[in-house]
A.B. asks: 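Structure incoming, see below.
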Amino acid sequence: MSLSIDRSKYLPIEELNNWPGILDSSLGFLRNSWRTKWIGLPEILETCISELIRLEDQASQPIKELLECARHIALNIEKVAPLAWEPSYHNRLHISDALTGLTVLLAIERERSGVLDTYWMSLLIFTVTAHDYLHPGGSNTIEFEIESKTLEALDAIWNHFPINEQSKAYIRHLIRHTDPIFVQQNHGLIKNQKFEFNLNWSTVLINESDVLASCTKKFGFELSHQLAEEWRIKDISLHSQIATQQGRKIFLKSVIFSSPASHILKIDQSIQEEILSLN
(Lines give C-alpha, C1' and ligand atoms only; values in the text may rest on other atoms or scores of the structure.)
Protein backbone atom coordinates (compact mmCIF):
# COMPACT_ATOMS: atom_id res chain seq x y z
CA MET A 1 0.00 0.00 0.00
CA SER A 2 1.48 3.34 -1.05
CA LEU A 3 1.88 6.16 1.43
CA SER A 4 -0.20 9.28 1.05
CA ILE A 5 1.17 12.81 0.83
CA ASP A 6 0.47 15.29 3.62
CA ARG A 7 -0.73 18.34 1.69
CA SER A 8 -0.38 20.53 4.75
CA LYS A 9 3.37 20.09 4.27
CA TYR A 10 3.79 19.25 0.57
CA LEU A 11 2.59 21.87 -1.92
CA PRO A 12 0.22 23.62 0.52
CA ILE A 13 -0.74 25.96 -2.33
CA GLU A 14 -3.70 27.45 -0.44
CA GLU A 15 -1.12 29.48 1.52
CA LEU A 16 -1.01 32.11 -1.22
CA ASN A 17 1.55 34.93 -0.97
CA ASN A 18 3.90 32.67 0.97
CA TRP A 19 5.62 31.08 -2.00
CA PRO A 20 9.12 30.81 -0.45
CA GLY A 21 7.54 29.10 2.57
CA ILE A 22 5.54 26.75 0.32
CA LEU A 23 8.71 25.79 -1.56
CA ASP A 24 10.75 25.25 1.64
CA SER A 25 7.98 23.21 3.28
CA SER A 26 7.62 21.02 0.19
CA LEU A 27 11.35 20.40 -0.21
CA GLY A 28 11.58 19.68 3.52
CA PHE A 29 8.75 17.14 3.24
CA LEU A 30 10.63 15.35 0.44
CA ARG A 31 13.81 15.16 2.51
CA ASN A 32 12.05 13.84 5.57
CA SER A 33 10.41 11.17 3.44
CA TRP A 34 13.73 10.32 1.70
CA ARG A 35 15.45 9.78 5.05
CA THR A 36 12.63 7.79 6.69
CA LYS A 37 10.07 6.05 4.44
CA TRP A 38 10.23 7.25 0.84
CA ILE A 39 6.85 8.38 -0.49
CA GLY A 40 7.79 7.38 -4.03
CA LEU A 41 8.26 9.35 -7.24
CA PRO A 42 4.93 8.14 -8.73
CA GLU A 43 3.01 9.60 -5.79
CA ILE A 44 4.89 12.90 -6.05
CA LEU A 45 4.22 13.07 -9.79
CA GLU A 46 0.52 12.36 -9.24
CA THR A 47 0.27 15.15 -6.67
CA CYS A 48 1.92 17.64 -9.03
CA ILE A 49 -0.40 16.60 -11.87
CA SER A 50 -3.50 16.95 -9.68
CA GLU A 51 -2.41 20.41 -8.53
CA LEU A 52 -1.95 21.74 -12.06
CA ILE A 53 -4.26 19.84 -14.41
CA ARG A 54 -7.96 19.25 -13.85
CA LEU A 55 -9.19 15.68 -14.15
CA GLU A 56 -11.41 16.48 -17.13
CA ASP A 57 -8.45 18.03 -18.99
CA GLN A 58 -6.36 14.89 -18.39
CA ALA A 59 -8.77 12.97 -20.62
CA SER A 60 -7.91 14.83 -23.85
CA GLN A 61 -5.71 12.71 -26.12
CA PRO A 62 -2.38 14.65 -26.28
CA ILE A 63 -2.52 15.37 -22.53
CA LYS A 64 -3.44 11.78 -21.68
CA GLU A 65 -0.55 10.42 -23.79
CA LEU A 66 2.03 12.67 -22.12
CA LEU A 67 0.82 12.06 -18.57
CA GLU A 68 0.44 8.29 -18.98
CA CYS A 69 3.97 8.04 -20.33
CA ALA A 70 5.28 10.25 -17.50
CA ARG A 71 3.59 7.91 -15.01
CA HIS A 72 5.21 4.90 -16.67
CA ILE A 73 8.65 6.53 -16.48
CA ALA A 74 8.17 7.47 -12.80
CA LEU A 75 7.19 3.88 -11.98
CA ASN A 76 10.16 2.54 -13.93
CA ILE A 77 12.60 4.88 -12.16
CA GLU A 78 11.22 3.83 -8.79
CA LYS A 79 11.38 0.13 -9.71
CA VAL A 80 14.94 0.22 -11.08
CA ALA A 81 16.51 2.44 -8.37
CA PRO A 82 16.98 -0.27 -5.69
CA LEU A 83 18.49 -2.68 -8.23
CA ALA A 84 21.46 -0.56 -9.32
CA TRP A 85 23.75 2.24 -8.14
CA GLU A 86 21.76 5.45 -7.78
CA PRO A 87 23.74 8.70 -8.10
CA SER A 88 24.09 10.79 -4.95
CA TYR A 89 22.62 13.87 -6.64
CA HIS A 90 20.96 12.85 -9.93
CA ASN A 91 18.51 10.54 -8.19
CA ARG A 92 14.80 10.26 -7.40
CA LEU A 93 15.05 13.07 -4.86
CA HIS A 94 16.46 15.43 -7.50
CA ILE A 95 13.67 14.56 -9.94
CA SER A 96 11.16 15.15 -7.14
CA ASP A 97 12.80 18.48 -6.29
CA ALA A 98 12.58 19.54 -9.94
CA LEU A 99 8.92 18.48 -10.23
CA THR A 100 8.16 20.38 -7.03
CA GLY A 101 9.98 23.48 -8.28
CA LEU A 102 8.11 23.33 -11.59
CA THR A 103 4.76 22.96 -9.84
CA VAL A 104 5.45 25.94 -7.57
CA LEU A 105 6.53 28.10 -10.52
CA LEU A 106 3.43 27.14 -12.53
CA ALA A 107 1.13 27.68 -9.54
CA ILE A 108 2.61 31.16 -9.13
CA GLU A 109 2.05 31.81 -12.85
CA ARG A 110 -1.58 30.67 -12.45
CA GLU A 111 -2.04 33.18 -9.63
CA ARG A 112 -0.14 35.93 -11.48
CA SER A 113 -1.85 35.75 -14.87
CA GLY A 114 -4.79 33.39 -14.51
CA VAL A 115 -3.57 31.72 -17.70
CA LEU A 116 -2.20 28.18 -17.87
CA ASP A 117 -1.82 26.13 -21.04
CA THR A 118 -2.71 22.51 -20.28
CA TYR A 119 -0.73 21.09 -23.19
CA TRP A 120 2.50 22.93 -22.32
CA MET A 121 2.07 22.13 -18.63
CA SER A 122 1.74 18.43 -19.46
CA LEU A 123 4.79 18.65 -21.70
CA LEU A 124 6.74 20.34 -18.90
CA ILE A 125 5.65 17.74 -16.34
CA PHE A 126 6.69 14.95 -18.70
CA THR A 127 10.05 16.55 -19.46
CA VAL A 128 10.98 17.19 -15.82
CA THR A 129 10.00 13.61 -14.90
CA ALA A 130 12.13 12.22 -17.73
CA HIS A 131 14.98 14.73 -18.00
CA ASP A 132 17.48 12.65 -15.97
CA TYR A 133 16.07 9.21 -16.83
CA LEU A 134 18.81 6.58 -16.34
CA HIS A 135 21.33 9.31 -15.47
CA PRO A 136 24.72 7.61 -14.97
CA GLY A 137 26.03 10.26 -12.57
CA GLY A 138 28.74 12.79 -13.31
CA SER A 139 28.65 15.44 -16.01
CA ASN A 140 29.02 15.76 -19.77
CA THR A 141 32.43 15.51 -21.41
CA ILE A 142 30.91 16.42 -24.78
CA GLU A 143 27.79 18.35 -25.75
CA PHE A 144 24.48 16.55 -25.00
CA GLU A 145 26.37 13.41 -23.88
CA ILE A 146 24.12 12.33 -21.01
CA GLU A 147 21.00 13.96 -22.48
CA SER A 148 21.40 11.89 -25.67
CA LYS A 149 21.45 8.67 -23.63
CA THR A 150 18.26 9.73 -21.89
CA LEU A 151 16.61 10.39 -25.26
CA GLU A 152 17.71 7.00 -26.58
CA ALA A 153 16.01 5.36 -23.60
CA LEU A 154 12.87 7.45 -24.21
CA ASP A 155 12.79 6.41 -27.87
CA ALA A 156 12.52 2.80 -26.71
CA ILE A 157 9.63 3.70 -24.38
CA TRP A 158 7.89 5.67 -27.13
CA ASN A 159 7.67 2.49 -29.20
CA HIS A 160 4.98 1.43 -26.72
CA PHE A 161 3.48 4.83 -25.82
CA PRO A 162 1.95 6.80 -28.69
CA ILE A 163 3.13 10.39 -28.32
CA ASN A 164 2.74 12.62 -31.36
CA GLU A 165 5.82 13.66 -33.33
CA GLN A 166 5.52 17.36 -32.51
CA SER A 167 5.52 16.62 -28.78
CA LYS A 168 8.54 14.34 -29.20
CA ALA A 169 10.41 17.12 -31.04
CA TYR A 170 9.64 19.57 -28.23
CA ILE A 171 10.76 17.05 -25.59
CA ARG A 172 14.02 16.35 -27.43
CA HIS A 173 14.76 20.08 -27.56
CA LEU A 174 13.88 20.61 -23.90
CA ILE A 175 15.97 17.70 -22.62
CA ARG A 176 18.98 18.55 -24.78
CA HIS A 177 18.87 22.11 -23.47
CA THR A 178 19.15 20.98 -19.87
CA ASP A 179 22.86 20.64 -20.74
CA PRO A 180 24.33 23.39 -18.50
CA ILE A 181 26.41 24.88 -21.31
CA PHE A 182 23.20 26.07 -23.00
CA VAL A 183 21.50 27.68 -20.00
CA GLN A 184 22.77 31.22 -20.60
CA GLN A 185 21.79 30.99 -24.27
CA ASN A 186 18.34 29.67 -23.32
CA HIS A 187 17.71 32.67 -21.08
CA GLY A 188 19.07 35.02 -23.75
CA LEU A 189 16.38 33.89 -26.19
CA ILE A 190 13.58 35.19 -23.95
CA LYS A 191 15.30 38.37 -22.76
CA ASN A 192 12.82 41.27 -22.85
CA GLN A 193 10.11 38.87 -24.08
CA LYS A 194 6.71 38.71 -22.39
CA PHE A 195 6.08 35.35 -20.74
CA GLU A 196 3.96 32.92 -22.74
CA PHE A 197 3.69 29.17 -23.07
CA ASN A 198 6.02 28.32 -25.92
CA LEU A 199 9.22 26.36 -26.50
CA ASN A 200 11.71 29.06 -25.50
CA TRP A 201 9.95 29.95 -22.25
CA SER A 202 9.37 26.27 -21.47
CA THR A 203 13.12 25.65 -21.87
CA VAL A 204 13.77 28.37 -19.31
CA LEU A 205 11.18 26.95 -16.89
CA ILE A 206 12.87 23.54 -17.13
CA ASN A 207 16.28 25.12 -16.44
CA GLU A 208 14.90 27.04 -13.45
CA SER A 209 13.12 23.99 -12.02
CA ASP A 210 16.29 21.92 -12.43
CA VAL A 211 18.34 24.13 -10.07
CA LEU A 212 15.68 25.73 -7.89
CA ALA A 213 16.21 23.49 -4.84
CA SER A 214 19.99 23.95 -5.15
CA CYS A 215 19.51 27.72 -5.00
CA THR A 216 17.63 27.72 -1.70
CA LYS A 217 19.52 28.77 1.41
CA LYS A 218 17.92 25.97 3.42
CA PHE A 219 18.79 23.02 1.16
CA GLY A 220 21.39 24.21 -1.34
CA PHE A 221 24.59 23.41 0.57
CA GLU A 222 23.39 19.87 1.31
CA LEU A 223 22.76 19.36 -2.42
CA SER A 224 26.26 20.69 -3.17
CA HIS A 225 27.66 17.96 -0.92
CA GLN A 226 25.56 15.32 -2.67
CA LEU A 227 26.84 16.47 -6.07
CA ALA A 228 30.41 16.53 -4.75
CA GLU A 229 30.06 12.92 -3.63
CA GLU A 230 28.64 11.90 -7.01
CA TRP A 231 31.51 13.64 -8.82
CA ARG A 232 34.06 12.08 -6.44
CA ILE A 233 32.81 8.62 -7.35
CA LYS A 234 32.97 9.57 -11.04
CA ASP A 235 36.49 10.98 -10.58
CA ILE A 236 35.58 14.53 -11.64
CA SER A 237 38.31 16.83 -10.32
CA LEU A 238 35.97 19.67 -9.31
CA HIS A 239 34.38 17.46 -6.67
CA SER A 240 36.70 18.90 -4.03
CA GLN A 241 35.62 22.48 -4.75
CA ILE A 242 31.88 22.57 -5.37
CA ALA A 243 30.84 21.94 -1.76
CA THR A 244 33.10 24.67 -0.34
CA GLN A 245 31.94 28.20 0.43
CA GLN A 246 33.84 29.49 -2.61
CA GLY A 247 32.34 26.78 -4.81
CA ARG A 248 28.88 27.62 -3.54
CA LYS A 249 29.41 31.30 -4.30
CA ILE A 250 30.61 30.55 -7.85
CA PHE A 251 27.53 28.40 -8.44
CA LEU A 252 25.12 31.01 -7.09
CA LYS A 253 26.69 33.72 -9.24
CA SER A 254 26.29 31.53 -12.32
CA VAL A 255 22.57 30.75 -12.05
CA ILE A 256 19.95 32.74 -13.94
CA PHE A 257 16.24 33.20 -13.22
CA SER A 258 14.10 34.99 -15.79
CA SER A 259 10.50 33.88 -15.35
CA PRO A 260 7.97 36.24 -13.72
CA ALA A 261 7.09 33.39 -11.34
CA SER A 262 10.69 33.08 -10.13
CA HIS A 263 10.76 36.82 -9.38
CA ILE A 264 7.55 36.53 -7.34
CA LEU A 265 9.18 33.59 -5.53
CA LYS A 266 12.03 36.02 -4.71
CA ILE A 267 14.67 33.41 -5.42
CA ASP A 268 16.97 36.07 -6.92
CA GLN A 269 16.77 38.05 -3.68
CA SER A 270 17.50 34.94 -1.63
CA ILE A 271 20.52 34.13 -3.82
CA GLN A 272 21.95 37.63 -3.43
CA GLU A 273 21.50 37.48 0.35
CA GLU A 274 23.34 34.15 0.48
CA ILE A 275 26.18 35.42 -1.72
CA LEU A 276 26.67 38.36 0.66
CA SER A 277 26.69 35.99 3.64
CA LEU A 278 29.51 33.99 1.98
CA ASN A 279 31.80 37.02 1.58
A.B. asks: Could Glu222 and Arg35 be called an ion pair, given the rule that one side-chain N must be under 4.0 Å from one carboxylate O?
C.D. replies: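 Looking at Arg35 together with Glu222, the answer is yes, because their closest N to O distance falls below 4.0 Å.
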
A.B. asks: Do the side chains of Arg71 and Glu46 get close enough for a salt bridge, i.e. N-O under 4.0 angstrom?
C.D. replies: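 Yes.
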
A.B. asks: Quick one: do the Glu65 and Gln61 side chains pair a donor with an acceptor below 3.5 Å?
C.D. replies: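 Yes - a donor-acceptor pair under 3.5 Å links their side chains.
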
A.B. asks: Using the six-membered ring wherever Trp is involved, compare the ring planes of Phe197 and Phe195 and label them parallel, tilted or perpendicular (cut-offs 30° and 60°).
C.D. replies: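 Ring orientation, 0 to 90° scale: perpendicular.
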
A.B. asks: Ignoring hydrogens and geometry beyond distance, is a side-chain donor-acceptor pair present between Trp19 and Glu111 at under 3.5 Å?
C.D. replies: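 Yes, Glu111 and Trp19 have a side-chain donor paired with an acceptor closer than 3.5 Å.
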
A.B. asks: Determine yes or no for a side-chain-to-main-chain donor-acceptor pair under 3.5 angstrom, with Thr178 supplying the side chain and Ile175 the backbone.
C.D. replies: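 Yes, Thr178 side chain to Ile175 backbone: donor-acceptor pair under 3.5 Å.
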
A.B. asks: Would you confirm whether Gln58, through its side chain, and Ile53, through its main-chain N or O, come within 3.5 Å as a donor-acceptor pair?
C.D. replies: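 Present.
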
A.B. asks: Does the pair Arg92/Asp132 count as a salt bridge with the N-to-O cut at 4.0 Å?
C.D. replies: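 Salt bridge flag = no for Asp132 with Arg92.
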
A.B. asks: Can you say whether the rings of His72 and Phe161 are parallel (under 30°), tilted (30 to 60°) or perpendicular (over 60°)?
C.D. replies: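 Ring orientation of His72 relative to Phe161: tilted.
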
A.B. asks: Side chains of Lys9 and Asn32: donor-acceptor distance under 3.5 Å anywhere?
C.D. replies: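 Distance-only check fails for Lys9 and Asn32.
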
A.B. asks: Is it true that Arg110 and Glu51 have a side-chain N and a carboxylate O under 4.0 angstrom from each other?
C.D. replies: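 Judged by the 4.0 Å cut-off on N to carboxylate O distance, Arg110 and Glu51 do form a salt bridge.
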
A.B. asks: Kindly confirm or rule out a cation-pi arrangement of Arg248 over Phe221, judged by NZ or CZ under 6.0 Å from the six-membered ring centre and within 45° of its axis?
C.D. replies: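 Judged by the rule, Arg248 and Phe221 form a cation-pi pair.
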
A.B. asks: Going by atom types alone, do His131 and His94 pair a side-chain donor with an acceptor below 3.5 Å?
C.D. replies: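 Their side chains do contain a donor-acceptor pair, which is all the 3.5 Å distance test asks for.
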
A.B. asks: Look at Arg232 together with Glu229 and state whether they make a salt bridge at an N to O cut-off of under 4.0 Å.
C.D. replies: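 Between Glu229 and Arg232 there is a salt bridge, with a charged N closer than 4.0 Å to a carboxylate O.
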
A.B. asks: Quick one: do the Tyr10 and Thr100 side chains pair a donor with an acceptor below 3.5 Å?
C.D. replies: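 Result is yes, a qualifying pair exists.
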
A.B. asks: Test side-chain contact (heavy atoms from CB on, under 4.5 Å) on Trp34 and Phe29; report intermediate values, then the result.
C.D. replies: CA-CA 9 Å; Trp34 186 254; Phe29 172 86; over 6 Å; no

A.B. asks: Got a sec: does the NZ of Lys253 have more than 12 other heavy atoms crowding it under 6.0 Å?
C.D. replies: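 Check fails, neighbour count at 12 or below.
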
A.B. asks: Could you list the residues that satisfy ring-ring contact (aromatic ring centres under 6.0 Å, His included) with His187, not counting sequence neighbours?
C.D. replies: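 With sequence neighbours excluded, His187 shows a ring-ring contact (aromatic ring centres under 6.0 Å, His included) to no residue whatsoever.
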
A.B. asks: Flag the pair Leu212 / Leu265 as yes when at least one side-chain heavy-atom distance between them is below 4.5 Å, and no otherwise.
C.D. replies: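 Touching, per the 4.5 Å side-chain cut-off.
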
A.B. asks: For Glu147, check salt bridge (charged side-chain N to carboxylate O under 4.0 Å, His left out) against everything at least two apart and list the hits.
C.D. replies: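 Glu147: no salt bridge (charged side-chain N to carboxylate O under 4.0 Å, His left out) contacts found.
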
A.B. asks: Short question: side chain of Ser26, backbone of Leu11 - any donor-acceptor pair under 3.5 Å?
C.D. replies: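 A pair under 3.5 Å: yes.
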
A.B. asks: Give me the other members of the hydrophobic cluster that Trp231 sits in, counting Ile, Leu, Val, Met, Phe, Trp and Tyr linked by side-chain heavy atoms under 4.5 Å, directly or via other members.
C.D. replies: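 Under the 4.5 Å side-chain rule, Trp231 groups with Tyr89, Leu223, Leu227, Ile236, Leu238, Ile242.
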
A.B. asks: Is the backbone N or O of Asn186 less than 3.5 Å from a side-chain atom of Thr203, with the two atoms forming a donor-acceptor pair by type?
C.D. replies: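 Checked: no pair found.
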
A.B. asks: If we count only N and O atoms by modelled type, under 3.5 Å, do the side chains of Ser167 and Asn164 hold a donor and an acceptor together?
C.D. replies: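 A pair is found: one side chain offers a donor N or O, the other an acceptor, under 3.5 Å apart.
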
A.B. asks: So, do Phe182 and Phe144 have ring centers that fall under 6.0 Å from each other?
C.D. replies: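 They qualify: ring centres under 6.0 Å apart.
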
